[in-house]
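Heads up: the structure comes next, in structure tokens.
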Amino acid sequence: QVQPVESGGGLVQAGDSLRLSCTASGRVFSNCHVGWFRQAPGKEREFVAAVSRNNDDAYYADSVKGRFTIFKDKVNNAVDLQMNSLEPEDTAVYYCACNNKRLYIDYDWHTWDYWGQGTQVTVSS
């Protein structure tokens, strides 16, 4: 069983930066593709970014490419999401997820296996 735990959300202004962190018990992340997803009110959950368990390859949604960076913090067994140049459209609950059954990363959130409780990110204009 994998239980991701998110931290780092908050209220910021447009143009600001925020860093989210996802941790899990033990060394479970070594078996996971780790992804960040988000869900805004009234909208479906959507893919934001993911990092491969096989290497450090990172994948991004077009809407965040160039602004967000996902990376592994191997010292703290965490996967962080650095978010720069935040926009009001980035406002959502951000979820960390683990996929340890598929060989490759799938952007469809339905295929991911374990989820954190989410952390709220609010960007004011």
Side-chain angles (χ1 to χ4, degrees):
Q1 184 75 15
V2 179
Q3 183 56 62
V5 178
E6 305 96 339
S7 62
L11 171 63
V12 296
Q13 293 186 329
D16 286 350
S17 298
L18 204 58
R19 180 165 163 172
L20 306 182
S21 186
C22 178
T23 59
S25 59
R27 302 177 62 185
V28 293
F29 270 172
S30 62
N31 298 321
C32 293
H33 301 303
V34 179
W36 284 94
F37 295 76
R38 67 187 181 187
Q39 188 166 16
K43 295 188 177 181
E44 188 174 5
R45 191 168 298 189
E46 65 175 3
F47 172 81
V48 175
V51 62
S52 172
R53 68 180 180 189
N54 303 314
N55 44 48
D56 289 339
D57 287 353
Y59 304 83
Y60 299 94
D62 288 342
S63 60
V64 306
K65 204 170 292 184
R67 300 189 297 124
F68 291 10
T69 303
I70 187 171
F71 58 95
K72 297 177 183 177
D73 179 354
K74 297 177 182 177
V75 172
N76 296 307
N77 194 38
V79 175
D80 289 358
L81 183 68
Q82 177 66 42
M83 305 185 295
N84 297 330
S85 302
L86 283 162
E87 304 168 352
E89 294 74 21
D90 296 317
T91 295
V93 177
Y94 283 70
Y95 297 91
C96 177
C98 160
N99 186 323
N100 62 4
K101 294 182 176 63
R102 292 192 171 225
L103 185 60
Y104 298 108
I105 286 173
D106 191 323
Y107 287 19
D108 182 353
W109 70 270
H110 296 92
T111 67
W112 289 67
D113 306 300
Y114 302 100
W115 293 86
Q117 293 299 308
T119 185
Q120 177 70 46
V121 172
T122 303
V123 184
S124 63
S125 57

- Task: Would you check if the side chain of R53 reaches a backbone N or O of N100 as a donor-acceptor pair within less than 3.5 Å?
- Result: yes
- Message: Is there a side-chain hydrogen bond (donor to acceptor under 3.5 Å, both in side chains) between Q82 and D80? Walk through the geometry before answering.
- Response: CA-CA 6 Å; Q82 177 66 42; D80 289 358; over 6 Å; no
- Where is the tightest heavy-atom contact between L86 and S17, given as atom of each residue plus distance? CD1-C, 4.0 Å
- Item | Beyond-backbone contact of D106 with Y104, side-chain heavy atoms, under 4.5 angstrom | no
- Query: If every non-hydrogen atom of F47 is compared with every non-hydrogen atom of F37, which pair is closest and at what distance?
  - Reply: CA-CD2, 3.4 Å
- Main-chain N/O of N54 paired with H33 side-chain donor or acceptor, under 3.5 Å: no
- Item | From E44, E46, E89, residue fulfilling salt bridge (Lys or Arg N to Asp or Glu O under 4.0 Å) relative to R38 | E46
- Task: Over all heavy atoms of both residues, which pair between S125 and P88 is shortest? Give the atoms and the distance, please.
- Result: CB-CG, 3.8 Å
- Message: Would you say that I105 contacts S52 through its side chain, given a criterion of any heavy-atom pair below 4.5 Å between the two side chains?
- Response: yes
- Item | Minimum-distance pair of heavy atoms, taken over all atoms of A24 and V2 | CB-CG1, 4.3 Å
- Task: Flag the pair K74 and D56 as a salt bridge only when some basic side-chain nitrogen lies within less than 4.0 angstrom of an acidic carboxylate oxygen.
- Result: yes
- Can you see which heavy atom on A78 is nearest to which on T23, and at what distance? CB-CG2, 3.7 Å
- In terms of heavy-atom contacts, does CD of E87 have more than 12 from other residues, nucleotides or ligands at under 6.0 Å? yes
- Message: With a 3.5 Å distance limit and no angle check, can you tell me whether E6 reaches the backbone of Q117 through a side-chain donor-acceptor pair?
- Response: yes
- Note on the structure: Interatomic distance, CG@N99 vs CG@D108, rounded to 0.5 Å, equals 10.5 Å
- Query: Measuring from Q13:CD to T122:OG1, what's the distance to the nearest 0.5 Å?
  - Reply: 12.5 Å
- Take I70 and V79 through the side chain to side chain contact (heavy atoms under 4.5 Å, CB included) test and state the conclusion after the steps. CA-CA 7 Å; I70 187 171; V79 175; 3.7 Å; yes
- Message: I'd like to know if the side chain of W112 reaches the main chain of V34, judged simply by a donor and an acceptor atom lying under 3.5 Å from each other, with no hydrogens or angles considered.
- Response: no
- Can you say whether the rings of Y95 and W115 are parallel (under 30°), tilted (30 to 60°) or perpendicular (over 60°)? perpendicular
- Going only through I, L, V, M, F, W and Y residues with side-chain contacts under 4.5 Å, is there a path from W109 to Y107? yes
- Item | Least distance between heavy atoms, L20 atom then G9 atom | CD2-N, 3.6 Å
- Message: Between V12 and M83, is there a side-chain heavy-atom distance shorter than 4.5 Å?
- Response: no
- Note on the structure: Taken to the nearest 0.5 Å, the spacing of L81 CG from C22 SG works out to 10.0 Å
- Query: K72 side chain to N55 main-chain N or O, any donor-acceptor pair under 3.5 Å?
  - Reply: yes
- Message: If you define the side chain from C-beta out and look only at heavy atoms, does anything of Y60 sit under 4.5 Å from R67?
- Response: no
